[in-house]
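Taking it in order: structure first as structure tokens, then the write-up.
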Amino acid sequence: MNKRITESFTKGKAFISFITCGDPSLEVTEQLVYAMEEAGADLIELGIPFSDPTAEGPVIQAANVRALSGGVTTDKVFAMVEKIRKNSSIPMVFMTYANVVFSYGTERFVKKAAEVGMDGLILPDVPFEEKEEFDGICKEYGLDLISLIAPTSHERISMIAKEAQGFVYCVSSLGVTGMRSQITTDIGAMVDLVKKVKDIPCAVGFGISNPEQAKKMAGQSDGVIVGSAIVKLCGQYGVECVPYVKEYVKAMKDAVREA
């Protein structure tokens with residue numbers, strides 16, 4: 001297990017923020033990481049843009065398109081992470097799709113990610129049954145391959161939890177990412193199933209966009225993951241987005257602290 005990821009859950013409930021690299025630009029992405037860390041984010045997910053992000057709703061899809069049209073490549077993202085690591089040691093994981101890793105060369109990608117200072121990797125389109133080709137290489141280089149569980153995982157939850165690394169990403173709602181007016185899934189039950197098998201932090205994502213939801217979800221888990229609401233601010237304010245994102249992350253982290 002990656003030490004930095006584990007530590008991000010030791011200071012109380014964790015707030016995990018997601019941004020798409022290169023939206024509006026890689027320079028702004030770098031500034032966003034520092035701003036979110038200052039605002040209280042405990043771990044940051046960096047999305048490497050991909051042309052067909054199957055788990056994403058319209059907000060993050062649009063961010064992927066903007067980033068790719070702006071010329072973002074995997075190598076440019078690695079270079080940006082190297083810069084960030086000169087100034088910050090906040091835990092960071094990549095979230096991207098199997099094809100991005102595969103076309104770069106799985107071992108080459110994982111080795112490079114570890115070298116530039118990443119802590120983990122989330123591949124939402126790789127089911128548990130097919131994770132082996134990524135898992136072994138991640139372990140070799142000290143990256144945590146983060147497992148996702150969904151409300152429909154049921155009897156697979158304990159199987160997935162047994163082999164989970166870093167933290168378990170609990171998907172709160174069926175369907176794609178995006179803001180939901182309410183979350184009806186019994187997150188507490190999902191978390192209990194994981195904890196029965198392994199003592200590992202569980203963070204909830206998909207659909208959380210306001211402080212009330214964040215507080216409620218943090219009350220039933222070890223942390224909260226927010227993406228679309230932050231990416232929406234990046235889309236709305238473009239290069240001016242940093243102070244808006246910082247203010248939003250601070251409000252969400254305060255809500256999580258109250259849980």
| said: Evaluate F15 against L43 for side-chain contact (heavy atoms from CB on, under 4.5 Å), listing each step before the verdict. | reply: CA-CA 7 Å; F15 181 74; L43 188 148; over 6 Å; no
Give the minimum heavy-atom separation between [X] and [Y], together with the two atoms involved.
| X | Y | value |
| --- | --- | --- |
| S228 | I60 | OG-CD1, 3.6 Å |
| L26 | M80 | O-SD, 3.6 Å |
| A214 | V256 | CB-CG2, 4.1 Å |
| G223 | S221 | O-OG, 3.1 Å |
| A39 | V249 | CB-CG1, 3.8 Å |
| P49 | A67 | CG-CB, 3.8 Å |

| said: Exactly one of L32, V231, I19, D23 should register a side chain to side chain contact (heavy atoms under 4.5 Å, CB included) with C241. Which one does? | reply: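 Of the listed options, the one satisfying the test is L32.
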| request: State which residue, out of V194, L193, V197, I149, fulfils the side chain to side chain contact (heavy atoms under 4.5 Å, CB included) condition with I160. | output: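 Among V194, L193, V197, I149, the one meeting side chain to side chain contact (heavy atoms under 4.5 Å, CB included) with I160 is I149.
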Other residues, nucleotides, ligands: >12 heavy atoms within 6.0 Å of [X] [atom1]:
| X | atom1 | result |
| --- | --- | --- |
| E82 | CD | yes |
| K83 | NZ | no |
| D199 | CG | no |

| query | Which is it for R156 and E129 under the salt bridge (charged side-chain N to carboxylate O under 4.0 Å, His left out) test, yes or no, and what are the steps along the way? | reply | CA-CA 10 Å; R156 295 170 71 244; E129 291 74 11; 2.8 Å; yes
Between [X] (side chain) and [Y] (backbone), is there a donor-acceptor pair under 3.5 Å?
| X | Y | answer |
| --- | --- | --- |
| Q165 | I146 | no |
| S25 | G22 | no |
| D144 | N2 | yes |
| R4 | P91 | no |
| Q213 | S209 | yes |
| K195 | I200 | yes |
| Q220 | G188 | yes |
| T96 | I48 | yes |
| K13 | A259 | no |
| S172 | F206 | yes |

| request: Please test I90 against V33 for side-chain contact (heavy atoms from CB on, under 4.5 Å), starting from the C-alpha separation and ending with a verdict. | output: CA-CA 9 Å; I90 189 165; V33 170; 4.2 Å; yes
| field | Results of side-chain contact (heavy atoms from CB on, under 4.5 Å) for D125 - residues two or more places apart only | value |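 If we apply the side-chain contact (heavy atoms from CB on, under 4.5 Å) test to D125, skipping adjacent residues, the hits are T54, Y97, A98, L123.
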Test item: [X] and [Y] side chains (from C-beta on) under 4.5 Å apart, heavy atoms:
| X | Y | answer |
| --- | --- | --- |
| Y237 | V245 | no |
| L148 | F128 | no |
| D42 | K253 | yes |
| V93 | L121 | no |
| P24 | R66 | no |
| M95 | E56 | yes |
| V191 | C202 | yes |
| K198 | V168 | no |

| task | May I have the step-by-step check of salt bridge (charged side-chain N to carboxylate O under 4.0 Å, His left out) for D192 and K196, ending in yes or no? | result | CA-CA 6 Å; D192 287 345; K196 273 196 186 101; over 6 Å; no
| Any idea how F9 and F167 line up, ring-wise: parallel (<30°), tilted (30 to 60°), or perpendicular (>60°)? |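 F9 vs F167 ring planes: tilted.
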Distance in Å, [X] [atom1] paired with [Y] [atom2], rounded so as to fall on 0.5 Å steps:
| X | Y | atom1 | atom2 | value |
| --- | --- | --- | --- | --- |
| K250 | E38 | NZ | CD | 12.5 Å |
| K232 | I230 | NZ | CD1 | 13.0 Å |
| C234 | E240 | SG | CD | 12.5 Å |
| N210 | R180 | CG | CZ | 13.5 Å |
| E45 | I122 | CD | CD1 | 3.5 Å |
| I225 | F18 | CD1 | CZ | 11.0 Å |

| query | Y141 pairs by side chain to side chain donor-acceptor pair (under 3.5 Å) with which of E107, K112, E115? | reply |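 With Y141 as partner, E107, K112, E115 yield a single side chain to side chain donor-acceptor pair (under 3.5 Å), made by E107.
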| field | Donor-acceptor side-chain pairing of E30 and Y34 below 3.5 angstrom | value |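 Indeed, the side chains of E30 and Y34 share at least one donor-acceptor pair under 3.5 Å.
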| task | For the pair K131 and E163, evaluate side-chain contact (heavy atoms from CB on, under 4.5 Å) and give the outcome as yes or no after the intermediate values. | result | CA-CA 11 Å; K131 75 181 176 76; E163 295 183 22; 3.0 Å; yes
Between [X] and [Y], is there shared hydrophobic-cluster membership here, with clusters defined by ILVMFWY side-chain heavy atoms closer than 4.5 Å?
| X | Y | answer |
| --- | --- | --- |
| V239 | M36 | yes |
| V116 | L145 | yes |
| L68 | V77 | no |
| V242 | L46 | yes |

| task | Could you go through the salt bridge (charged side-chain N to carboxylate O under 4.0 Å, His left out) check for E7 and K3 one step at a time? | result | CA-CA 6 Å; E7 281 175 358; K3 191 162 155 285; 3.3 Å; yes
| said: Is it the case that the ring center of F94 lies less than 6.0 angstrom away from the ring center of F78? | reply: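 When the ring centroids of F78 and F94 are compared, they turn out to be within the sub-6.0 Å range.
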